[in-house]
Amino acid sequence: PTVPEPSWTIVVGRAAVHITGTVGRLSGVASWRTLNRLLSFGGLSYPRLRLFKGGVECPEQLYVEAGHTGSPRLLVRELTNALRGGATLAIEAVDELHEPISHLCEALEGVLAVPVQADMFASWGEPALPIMRCNEHDVFIFQVEGRRKWWVHCPIANRTGTSLSSGEFYREATWCGTLVEGDLLYVPRAWHHRDEPEDGASLSVAAKFRHPTGLDLIGRVAHQLSSTKLGSGIPRFAAARELSEYLTLFQRELVETAGRAGALVGALTEMRMVADPRVRFSLPWSAEQVPLPPSGDHRLVPLMRFPDVCIRHCADEDAIEVFVGPAATRFDSAVAPIVERVLRSGGVTMRQLLEAFEPEVPRERILQCVAQLIASGALWLREAIGRR
């Protein structure tokens with residue numbers, strides 16, 4: 001599904017939001033069939049798959065054992081009995097296991113400009129204990145199947161200007177209701193919440209993300225400072241005057257680095273630039289000595305989460321750099337238009353690329369550029385639908 005209204009760039013981090021859906025709206029994202037397939041053929045085991053009951057994690061020995069090959073395998077009877085007894089099943093980073101959920105996370109990343117991870121939760125049986133939780137990340141709850149009751153509480157600091165004291169509880173919820181199939185609930189970071197199953201089985205997908213904080217910005221500033229005079233040792237055994245001079249230098253370097261024009265925007269851009277790329281494979285073609293698609297119908301899809309910021313023009317050299325995570329690959333600036341077309345288009349077929357740049361750019365040069373992008377891990381060769 002597309003990212004729903006209202007505009008999340010305005011709402012995110014400010015308030016909990018409930019959006020009513022329709023039955024079947026999320027059927028293309030996940031279903032009970034999806035869960036059964038993941039449990040049967042996904043190679044899942046602890047710690048990616050976990051069981052919780054009453055807010056306490058169940059020991060893995062309860063539902064996992066070593067098979068005859070030595071690899072862990074799920075125990076069907078034991079796991080099913082635990083779920084029947086009221087346990088909740090959780091699968092972490094399910095976006096790496098199921099393509100439609102991965103596409104959902106990509107759509108959210110396009111709006112939120114931060115990495116998004118999705119977890120899956122399934123529950124049955126008696127309601128769990130009313131345990132209040134508070135996450136260090138924002139989360140979108142997509143109710144895929146069944147119903148689930150939720151209570152969401154605005155942080156005390158947002159209400160009274162005071163911090164939450166130990167053991168303090170809320171008298172009333174900011175939002176309380178039942179999520180039914182197709183519904184969406186957004187819970188901001190640091191908002192307390194609890195939930196429990198209602199009327200049988202429930203299957204939901206939680207897409208979570210973390211906004212950069214001031215501490216992240218300090219980390220980026222510290223990284224820039226590592227190449228300055230502050231990279232040397234502190235003169236711990238020097239005279240008081242030398243120590244004072246060092247402290248003055250420290251303060252000046254810190255203020256100058258943090259106060260440079262565009263420091264905040266630059267730090268946010270760097271965080272997006274070095275985000276972990278997506279995991280996609282294009283075998284057998286990508287492992288060839290010259291990794292090129294076998295036909296013009298294959299789509300060249302970027303693996304970077306934010307390809308719009310992963311191209312950097314080198315001011316002092318006639319070249320550009322493409323970042324795939326922290327690693328950079330250099331290209332001649334003559335092929336910069338080709339690189340930008342491939343990475344910033346969100347996906348272009350080999351045929352479209354050749355039609356756009358031939359004959360101005362020799363065919364061999366275009367193929368060489370594409371092969372270098374594939375070898376660097378920047379591209380995923382998506383096979384044409386008719387050929388899958």
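The residues of the chain are indexed from 1 along the displayed sequence.
- Side-chain N/O atoms of Thr20 and Arg25 include no donor and acceptor closer than 3.5 Å.
- Summarising the local packing, CG of Leu75 is surrounded by more than 12 heavy atoms from other residues, nucleotides or ligands at distances under 6.0 Å.
- Counting non-hydrogen atoms of neighbouring residues, nucleotides and ligands closer than 6.0 angstrom, the CZ atom of Phe250 reaches no more than 12 such neighbours.
- Aromatic rings of His193 and Trp150 (six-membered ring for Trp) have centroids within the 6.0 Å cut-off, being under it.
- A chain of hydrophobic side-chain contacts below 4.5 Å, direct or via other Ile, Leu, Val, Met, Phe, Trp or Tyr residues, connects Tyr63 to Leu39.
- A salt bridge does not link Asp308 to Arg344: none of the charged nitrogens lies less than 4.0 Å from a carboxylate oxygen.
- Here Arg241 pairs with Glu245 in a salt bridge; the nearest charged N to carboxylate O distance falls below 4.0 Å.
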Given the rule in the salt bridge (charged side-chain N to carboxylate O under 4.0 Å, His left out) test, do Glu358 and Arg363 qualify, once you have shown the distances and angles that lead to the verdict?
CA-CA 7 Å; Glu358 282 189 310; Arg363 187 183 186 93; 3.4 Å; yes
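- Looking at Arg189 and Glu136, a side-chain N of the basic residue comes within less than 4.0 Å of a carboxylate O on the acidic one, giving a salt bridge.
- In this model, a donor atom of one side chain and an acceptor atom of the other lie less than 3.5 Å apart for Arg148 and Ser123.
- There is a path of hydrophobic side-chain contacts, each under 4.5 Å, that joins Leu203 to Leu51.
- Ile141 and Trp151 fall into different hydrophobic clusters, defined by Ile, Leu, Val, Met, Phe, Trp and Tyr side-chain heavy atoms under 4.5 Å apart, directly or through other members.
- The residues Asp119 and Lys208 are annotated as salt-bridged, a charged nitrogen and a carboxylate oxygen being separated by less than 4.0 angstrom.
- Linking ILVMFWY side-chain heavy atoms closer than 4.5 Å, directly or via other members, places Val339 and Trp380 in two distinct hydrophobic clusters.
- Judged by distance alone, the side chains of Tyr46 and Glu57 do bring a donor and an acceptor atom under 3.5 Å apart.
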Checking salt bridge (charged side-chain N to carboxylate O under 4.0 Å, His left out) for the pair Arg73/Glu78: CA distance, chi angles, key distance, verdict?
CA-CA 12 Å; Arg73 61 187 295 269; Glu78 288 78 0; over 6 Å; no
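- When each of Leu381, Asp297, Leu367 is tested with Met350 by the rule side chain to side chain contact (heavy atoms under 4.5 Å, CB included), just one qualifies, namely Leu367.
- Salt bridge status for Glu92 with Arg48: absent, with no side-chain N to carboxylate O gap under 4.0 Å.
- In the hydrophobic clustering of this structure, Phe121 does not group with Leu44; members are Ile, Leu, Val, Met, Phe, Trp, Tyr whose side-chain heavy atoms approach within less than 4.5 Å, directly or through other members.
- Checked by atom type and distance alone, the side chain of Gln352 pairs as donor or acceptor with a backbone atom of Thr349 at under 3.5 Å.
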